[in-house]
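Below: one structure, written as structure tokens.
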Amino acid sequence: MSQPDRTQLLAEVQSGDRQALARAITLIENDPTTFTLPKSGSTAQIVGVTGAPGVGKSTTVDALLKLLRAKKLSIAVLAVDPSSPISGGALLGDRIRLTDHFTDSGVFIRSLATRGHLGGLTEATSAVLQLIQLANFDFIIVETVGVGQSEVEVMRVVDSVLVVLAPGMGDGIQASKAGLLEIGDIYLVNKSDREGAKQTAQDIERSIAMSPPKTLGGQSWTPPVLLGAMHNGTGINELMEQILAHGKLVLQ
Ligand SMILES: Nc1nc2c(ncn2[C@@H]2O[C@H](COP(=O)(O)OP(=O)(O)OP(=O)(O)O)[C@@H](O)[C@H]2O)c(=O)[nH]1
Ligand SMILES: [Mg+2]
């Protein structure tokens, strides 16, 4: 693609053209250095959602989408899948579950896959996020698929990290091994309708109490541990409040 074509494409992205945005993301997927991106001046909070497979990350993203759309805010969702090839179908489940939003112009949903190594994924995610910031969304959500070093790395390029756990699936030791207890700004123990959720929340609280509180904008932030059942929206308002409270500190 020639330089004038790239400039034209970026102008379309900035004007809110979603197809142009999708096309530009594909170019970045293949080569993260495709564009020299201007500073966006975007104030959109970028929220990363991570956690073990099946804990309810996509369900949580869906619940957040519904809440934000009810407030008429526009949202971009980037699902980052380190394992699947570019054309891979690993996110089909997510895509199907998120179909409600497909006809809504205030929502842009896209999966990102790279063949690459660790650095490659983070680099591509970072480049795509910079691009998405040009498109003037109010909110940007990044969901990672699975737990591993690459997801932990990807979470370094977002503003606020939400770690989702579920009873029995993400106890303190497992989460700690996966490096999740160092990166979380907010913890959600999802599936609170299941036995053991309170116990899991206490485990996590105990584990994070052992690490020093984070300092943000001169204020200390102790990551809250919330309980919720995102399949029916239980706890979504509290979750949103904490996300916004963290965003206020981190974006100031
Ligand atoms: N009982 C119960 N089930 C839930 C809750 N939230 C989500 N689920 C179910 O848990 C399953 C997994 O949810 P997903 O949202 O796909 O989980 P995920 O973390 O995105 O999964 P991957 O993307 O595959 O890692 C689905 O069948 C959901 O309906 C909840 O609060 N309670
Ligand atoms: Mg998912």
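Because the structure is a prediction, the values reported are computed rather than measured. Both counts, for ligands and for their atoms, begin at 1 and track the order of listing.
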Neighbour count >12 (heavy atoms, 6.0 Å) for atom CD, Gln19: no

Atoms in ligand 1 with a heavy atom of Pro53 nearer than 4.0 Å: 25 (O)

Heavy-atom proximity to atom 29 (O) of ligand 1, best of Thr234, Thr59, Val55: Thr59

Where ligand 1 meets Met230 - atom numbers and elements under 4.0 angstrom, heavy-atom basis: 31 (O)

Asn232, portion touching ligand 1 at heavy-atom distance under 4.0 Å: neither

Side-chain donor-acceptor pair present, Thr215, Ser220, cut-off under 3.5 Å: no

Heavy atom of Gly51, distance to ligand 1 below 4.0 Å: no

Pair Arg156, Thr125: side-chain N/O donor-acceptor within cut-off below 3.5 Å: no

Review item, side-chain donor-acceptor pairs of residues 227-243, under 3.5 Å, at least two apart:
| unit_1 | atom_1 | unit_2 | atom_2 | d |
| --- | --- | --- | --- | --- |
| Asn232 | OD1 | Thr234 | N | 3.1 |
| Asn232 | OD1 | Thr234 | OG1 | 2.6 |

Donor-acceptor pair between Glu182 and Ser211 side chains, under 3.5 angstrom: no

Which of the ligand 1 atoms, numbered from 1, are nearer than 4.0 Å to a heavy atom of Glu143: 20 (O), 23 (O)

Check: Gly228 N/O within less than 3.5 Å of ligand 1 N/O: no

Please tabulate, for side-chain N and O atoms in residues 1-9, each donor-acceptor pair with protein atoms closer than 3.5 Å (sequence neighbours left out).
| unit_1 | atom_1 | unit_2 | atom_2 | d |
| --- | --- | --- | --- | --- |
| Ser2 | OG | Asp5 | N | 3.3 |
| Ser2 | OG | Asp5 | OD2 | 3.3 |
| Gln3 | OE1 | Arg6 | NE | 3.4 |
| Gln3 | OE1 | Arg6 | NH2 | 2.7 |
| Gln3 | NE2 | Thr7 | OG1 | 3.2 |
| Arg6 | NE | Thr34 | O | 3.4 |
| Arg6 | NH1 | Met1 | O | 2.9 |
| Thr7 | OG1 | Gln3 | O | 2.9 |
| Gln8 | NE2 | Glu12 | OE2 | 2.8 |

Any side-chain donor near an acceptor of the partner, Ser74 and Asp138, under 3.5 Å: yes

Name of the Glu143 atom (N/O/S only) found closest to the Mg ion (ligand 2): OE2

Numbered atoms and elements of ligand 1 in range of Arg194, under 4.0 angstrom, heavy atoms: 1 (N)

Residue part near ligand 1, for His231, under 4.0 Å between non-hydrogen atoms: both

Basic-acidic side-chain contact under 4.0 Å: Arg110, Glu29: yes

Under 4.0 Å to a heavy atom of Ala229 - the qualifying atoms of ligand 1, by number: 31 (O)

N or O contact, Ser192 vs ligand 1, cut-off under 3.5 Å: no

